[in-house]
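What's counted below: heavy atoms across the whole structure, side chains too, no hydrogens, waters or symmetry copies. Just so it is clear: chains get the letters A, B, ... in the order the sequence lines come, proteins before strands, and each one is counted from 1.
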There are 2 protein chains.
Amino acid sequence: MDKSICPRFEKAMGFLSQRWTGLIIYQLLSGPQRFCSIESSIGVSGRVLSERLKDLENEGIVKRDVFPETPVRIEYSLTKKGVALEPVMREMEKWSQNWLEI
Amino acid sequence: MDKSICPRFEKAMGFLSQRWTGLIIYQLLSGPQRFCSIESSIGVSGRVLSERLKDLENEGIVKRDVFPETPVRIEYSLTKKGVALEPVMREMEKWSQNWLEI
DNA sequence: TATACTAACTTACATAAAGTAAGTAAAATG
DNA sequence: CATTTTACTTACTTTATGTAAGTTAGTATA
């Protein structure tokens, strides 16, 4: 086993190849969203969404904001690092338009 | 559950979010390769690599060529559809260089 | 006041996916 | 004839994900 692949690229792929991560980021590109809204828009279970959002927060890709209104509102949004993934998502979008059938 | 996401994009993400798929494609961007070479370069197990290559072949992203030499040589390479994923990979590469530490 | 409802989770349990290691077949090499 | 290599497959274990129910806090409804 002699890995020749760039460790940074490998790490990046490690994120994106976790189920739902890409779709969560893609969804947040259109603006801050609440937990239940992400949940229903992509169809991920609450259990996994909660896990993913924590991981993405730890990686500095997503941030969690608490608005102390009544009732309290919690919003998730992309950090700079997260927004920087937009070109990746746009290329994915193009590829899917050009090469995939519905 | 009211999914608002583009089904093609969702499908594309479905591929890339399977473990190893992205790295296999990335590896094949540098040219045709044999089974054991992919296996050792990215560190995937033979069991999963075999599964992924079959899936990618069925999707028309990868093709399998058998060269009837002695011993027989089997090479995997990207189809047009597979090569079309290069921009996605390049953007991933850029992002990983700019935002990830080793 | 009791009941129900919503958001944002967590917990417990079941199923699916991936890892590990050994096995197979066909040919080449020592 | 025994061993090695390539390209897999099979059996079994561990990890990841899905499902469904429960929790906490506040809001609305009867």
Side-chain angles (χ1 to χ4, degrees), chain A residues 1-5 10-11 13-28 31-59 61-78, chain B residues 1-5 10-11 13-28 31-59 61-78:
Chain A
M1 221 189 273
D2 51 321
K3 296 197 206 174
S4 54
I5 217 156
E10 206 180 346
K11 197 179 168 189
M13 264 303 177
F15 292 134
L16 254 346
S17 71
Q18 280 197 288
R19 208 162 188 174
W20 304 111
T21 302
L23 291 179
I24 292 168
I25 293 167
Y26 182 74
Q27 201 58 29
L28 291 178
Q33 280 178 57
R34 309 180 66 166
F35 192 93
C36 65
S37 145
I38 303 173
E39 199 177 0
S40 62
S41 65
I42 63 176
V44 62
S45 71
R47 192 198 141 297
V48 175
L49 179 56
S50 159
E51 204 173 290
R52 288 292 180 278
L53 288 171
K54 260 176 220 158
D55 293 348
L56 288 168
E57 222 189 314
N58 288 335
E59 289 298 334
I61 293 172
V62 161
K63 69 176 192 297
R64 181 182 191 268
D65 290 304
V66 181
F67 298 90
E69 308 167 349
T70 48
V72 71
R73 181 166 50 99
I74 295 169
E75 279 189 356
Y76 294 91
S77 55
L78 295 175
Chain B
M1 221 189 273
D2 51 321
K3 295 198 205 174
S4 54
I5 216 156
E10 206 180 346
K11 197 179 169 190
M13 263 305 175
F15 292 135
L16 253 345
S17 70
Q18 278 196 289
R19 210 164 188 172
W20 303 113
T21 302
L23 291 178
I24 293 168
I25 293 168
Y26 182 74
Q27 200 60 28
L28 291 178
Q33 280 177 56
R34 308 180 67 166
F35 191 93
C36 66
S37 147
I38 303 173
E39 199 176 1
S40 60
S41 65
I42 64 176
V44 63
S45 71
R47 191 197 141 299
V48 175
L49 179 56
S50 158
E51 203 173 290
R52 288 293 179 278
L53 288 171
K54 258 176 222 158
D55 293 348
L56 288 167
E57 222 189 315
N58 287 335
E59 289 298 333
I61 293 171
V62 162
K63 70 176 194 294
R64 181 181 192 269
D65 290 303
V66 181
F67 298 91
E69 308 167 349
T70 49
V72 70
R73 181 166 49 100
I74 295 170
E75 279 189 356
Y76 294 91
S77 55
L78 296 175

Colleague: Can you tell me the distance, in whole Å, between the CD atom of A:E51 and the P atom of C:dA8?
Modeller: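 Result: 19 Å.
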
Colleague: Taking C-beta and beyond as the side chain, do B:F35 and B:L53 meet within less than 4.5 Å on heavy atoms?
Modeller: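 Yes - at least one pair of side-chain heavy atoms lies under 4.5 Å apart.
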
Colleague: What's the CD-P distance between B:E39 and D:dT5, to the nearest Å?
Modeller: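 B:E39 atom CD is separated from D:dT5 atom P by 14 Å.
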
Colleague: Examine distances only and state if a side-chain atom of B:R52 and a backbone atom of B:R19 form a donor-acceptor pair shorter than 3.5 Å.
Modeller: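 Yes; at least one donor-acceptor contact below 3.5 Å.
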
Colleague: Check whether any side-chain N or O of A:S50 sits under 4.0 Å from OP1 or OP2 of C:dA8, and answer yes or no.
Modeller: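 The answer is no; no side-chain N or O of A:S50 sits under 4.0 Å from OP1 or OP2.
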
Colleague: I want to verify a distance call: between D:dA7, C:dA18, C:dT10, whose nearest atom is closest to the A:K54 side chain?
Modeller: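 When the side chain of A:K54 is considered, C:dT10 is the closest of D:dA7, C:dA18, C:dT10.
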
Colleague: Of A:C36 and A:R19, whose closest DNA chain C nucleotide lies nearer the 5' terminus?
Modeller: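 Mapping each residue to its closest nucleotide by heavy atoms, the 5'-most match is A:C36.
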
Colleague: Would you say D:dT6 has OP1 or OP2 under 4.0 Å from some side-chain N or O of B:Y76?
Modeller: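 No, because none of the side-chain N or O atoms of B:Y76 sits under 4.0 Å from OP1 or OP2 of D:dT6.
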
Colleague: Measure from CZ on A:R64 to P on C:dA7 and round the result to the nearest Å.
Modeller: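 My rounded result for the distance is 15 Å.
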
Colleague: Rounding to a whole Å, what distance do you find between B:F35:CZ and C:dA25:C1'?
Modeller: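 After rounding, the reported distance stands at 15 Å.
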
Colleague: Using whole Å, report how far CD1 of B:I24 lies from P of D:dA7.
Modeller: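 Rounded to whole Å, this separation is 15 Å.
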
Colleague: Would you indicate what A:R34 reaches in the nucleic acid, counting non-hydrogen atoms under 4.0 angstrom: base, sugar-phosphate, or nothing?
Modeller: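 Here A:R34 touches the backbone only, sparing every base.
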
Colleague: Which residue, B:E75, B:E39, B:Q27, forms the side chain to side chain contact (heavy atoms under 4.5 Å, CB included) with B:Q33?
Modeller: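 In the set B:E75, B:E39, B:Q27, the residue that makes a side chain to side chain contact (heavy atoms under 4.5 Å, CB included) with B:Q33 is B:Q27.
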
Colleague: For the residue pair A:F67 and A:I74, establish whether any side-chain heavy-atom pair is separated by less than 4.5 Å.
Modeller: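 Heavy-atom side-chain distance check fails, nothing below 4.5 Å.
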
Colleague: Please give, in whole Å, the distance from D:dT15 C1' to B:R47 CZ?
Modeller: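 The distance from CZ of B:R47 to C1' of D:dT15 comes to 12 Å, rounded to the nearest Å.
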
Colleague: Using heavy-atom distances to pick each residue's nearest nucleotide on DNA chain D, tell me which of A:R52 and B:I74 is more 5'.
Modeller: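 Its nucleotide being nearer the 5' end, the pick is B:I74.
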
Colleague: What's the closest nucleotide to the side chain of A:W20 if the choices are D:dC8, D:dT17, C:dT10?
Modeller: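 Of the candidates, D:dT17 comes closest.
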
Colleague: Taking atom C1' of C:dG19 as reference, at what distance in whole Å does atom CD1 of B:I42 sit?
Modeller: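 It is 14 Å, rounded to the nearest whole Å.
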
Colleague: B:I38 has an atom CD1; how far is it from atom C1' of D:dA7, in whole Å?
Modeller: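 Those two atoms, CD1 and C1', are 11 Å apart.
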
Colleague: Between A:S41 and A:S37, is there a donor-acceptor pair closer than 3.5 Å when you use the side chain of the first and the backbone of the second?
Modeller: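 At least one qualifying donor-acceptor pair exists.
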
